[in-house]
There are 2 protein chains.
Amino acid sequence: MIRIGEFSKMAQVSVPTLRYYDQMGLLKPIEVDRFSGYRYYSVNQLPRLHRILALKGLGFSLEQIGEALDDGLTPEQMRGMLKLRHAQLSQELAEMQSQLLQVEMRLQQIEREDTAYDVILKPVEPLLIASVRAILPTHSAVGQLFKEVYEGIGPYVDEALGPCPGAGGTTLVLWYDTEFKDRDVDGAAAFMVRCRVPDRGRMRVEVLPAVTVASAIHHGSYDTIGEAHEAVIRWVDAHEYRIAGPDREINLYNKPPIRRDDPTYITEIQYPVEKI
Amino acid sequence: MIRIGEFSKMAQVSVPTLRYYDQMGLLKPIEVDRFSGYRYYSVNQLPRLHRILALKGLGFSLEQIGEALDDGLTPEQMRGMLKLRHAQLSQELAEMQSQLLQVEMRLQQIEREDTAYDVILKPVEPLLIASVRAILPTHSAVGQLFKEVYEGIGPYVDEALGPCPGAGGTTLVLWYDTEFKDRDVDGAAAFMVRCRVPDRGRMRVEVLPAVTVASAIHHGSYDTIGEAHEAVIRWVDAHEYRIAGPDREINLYNKPPIRRDDPTYITEIQYPVEKI
DNA sequence: GTAAACCCTCAAGTAACTTGAGAGTCAAGA
DNA sequence: TCTTGACTCTCAAGTTACTTGAGGGTTTAC
């Protein structure tokens, strides 16, 4: 019969924690005084407390621990729990390592005094687009394809692009080359559309699949957009991802891109990626 | 001017999260309708949101992110934050690896169908003890030293051991050998005492320093206590700790140890350790 | 008898959201 | 003009494993 304070010292566990374990039903005192409410423990409970602490050390939640202790689980079940936990831990470990890498990259970026682009990973949903793809003399020539896309949509403009709500009508550019080129580049101009309309001329309607992308946002003239691309590509390399599809330049500014050097433009660069 | 739903889709961030960021002052809409309360955002806010997500990806708290964004910090400050975070991450990573190791060990233990001892790491406070140390023919001979300790305390028994509360009077055994021995072992029998009393004969009063110990609880006869020792030592080896001082067998059962094979005994095995 | 040390039961706070209830707003179609 | 459905609002509660604090009873030692 030991009072809570001494039991707490024996096991190096705080008193409120013991009370909490009582409340949770993890470790009930052998006796509770009916009048004073004092909790009384026994040394026989130390092994149980010890086991709780050991399982907690393995990273299990109190709920899991409670179940494990109450169900008097077989070694087989214990093995299952541990295997599961092992898998979880491995994954968290990998995430952490990648986070560490990211921090290191960021530091390097500062050392190099680079413009710091914020590259993040995110999932994007499938996207229905109407596009015209062509081999272009230079990157800047892609602008001229938008007119062709628009005309390709022709009579369906209202249904396909619609009014503001929904992403219908947003423009984007796709680049298909897998290596860097300066001329004769393979690109496409596209509109997001809200419904499938018939192909016409060089205009094709297709679905860009759901993918995970590494994304950065470029603020300002198109002339310096190369830096943003470079930043994302470096990020992808460093994090053991590989590029898995044409990259996208999404025009987040609502006006169509007319002057290439408008400093108020906002463009999102997305590279579909997959883990190596 | 974009409503919250569309902004949420653009950035792949949930609507409640955006509202939460607003509430936290991390990302305020450019306008809030005075009557409807509707939040309106602008594409110009995407870079800020992007930066928030990037910093969150590095593991910073929203509070830290808020400060960083509002203080328009210098690259130097950013470097400081990142260095700090780097250190934190490295440490967490190490902890996780050790946890993973622990889980693996536990699995192995099950494969071997070992009795599972629950080994945990915990800090213990400095301990004042009265002890008699000697070279003993066998481990079991340590019991005979307790009488000598008790007599050494002699007239101070009441102050030193006192009544129940406080750990005074608890008995423990210390083993000083750094390698395993079967005979001529260097051990001590000790009482925890509540005040310093004069040495007498072979009885010495000393302070066991505060250390971190790897600890297991053995339930039952002393004759099988070797298994518990083995379990702790294996744990210490596997976790890249080294033994840093004599190990302790603490008698948690209140009666003095008279019959070695009493199956109701409870003993805690503690090995002081330090990280390699 | 009293003071110190100990114990009790609430309740609130932590981080970063998610979920749900209940109610108001807006755009498009009938 | 009305309705429908999609969208939005606020507010409260839940999540984990505790810690901290308020306010008040109990034991023990002198």
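This one's a predicted model, so the numbers in the text were calculated from it and none came from an experiment.
With sequence neighbours left out, the ring pair (Phe, Tyr, Trp, His ring centres under 6.0 Å) criterion links B:His239 to B:Trp235. A:Glu274 is linked by a side-chain contact (heavy atoms from CB on, under 4.5 Å) to A:Arg242, A:Ala244, counting only residues two or more places apart in sequence or in another chain. Not counting sequence neighbours, the partners of B:Lys28 by the side chain to side chain donor-acceptor pair (under 3.5 Å) test are B:Asp22. Every side chain to side chain donor-acceptor pair (under 3.5 Å) that B:Ser215 has, sequence neighbours left out, goes to A:His50, B:Glu268.
Across A:Ile129 and A:Met192, no two heavy atoms sit closer than the pair CG2-CA, 4.3 Å. Closest of all the heavy-atom pairs between A:Ala130 and A:Met203 is CB-SD, 3.8 Å.
With hydrogens and angles disregarded, no donor-acceptor distance shorter than 3.5 Å links the side chain of A:Thr212 to the backbone of A:Pro123.
The aromatic rings of A:Tyr150 and A:Phe191 lie tilted to each other, with the angle between the two planes from 30° to 60°.
The distance between atom CZ of B:Phe60 and atom P of C:dA16, rounded to the nearest whole Å, is 13 Å. The CG atom of B:Asp33 sits 6 Å away from the P atom of C:dC26 (whole-angstrom rounding). Atom CZ of A:Arg3 is separated from atom P of D:dT28 by 6 Å (rounded to the nearest Å). Atom CZ of A:Arg34 and atom P of D:dT26 are 15 Å apart (whole Å). We find that CG of A:Leu27 is positioned 15 Å from C1' of D:dA17, with the value rounded to whole Å. With rounding to whole Å, B:Glu63 atom CD is found 8 Å from C:dA16 atom P. Between the OH atom of A:Tyr20 and the P atom of C:dT14 there is a distance of 17 Å, given to the nearest Å. Look at CD1 on B:Ile2: it is 16 Å from C1' on D:dT8, rounded to the nearest Å.
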Next on the checklist: Protein within reach of the bases, or only the backbone? For nucleotides 8-13 of chain C, mark each nucleotide 5' to 3' as B, S or -, using heavy atoms under 4.0 Å.
Outcome noted: SB----
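Where A:Gly5 and B:Phe35 each meet DNA chain C at their nearest nucleotide, the meeting point lying more 5' is that of A:Gly5.
Contact check, A:Tyr21 against D:dC18: a side-chain N or O comes under 4.0 Å of OP1 or OP2.
Atom CD of A:Gln12 has more than 12 neighbouring heavy atoms from other residues, nucleotides or ligands inside a 6.0 Å radius.
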Item to check | Secondary-structure notation, DNA chain D, from Watson-Crick and G-U pairs under 3.5 angstrom (| other strand) | outcome: ||||||||||||||||||||||||||||||
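The side chain of A:Thr17 sits closest to D:dT19 out of D:dT19, C:dT19, C:dC17.
Among the atoms of the strands shown, none is found under 4.0 Å from any heavy atom of B:Tyr40.
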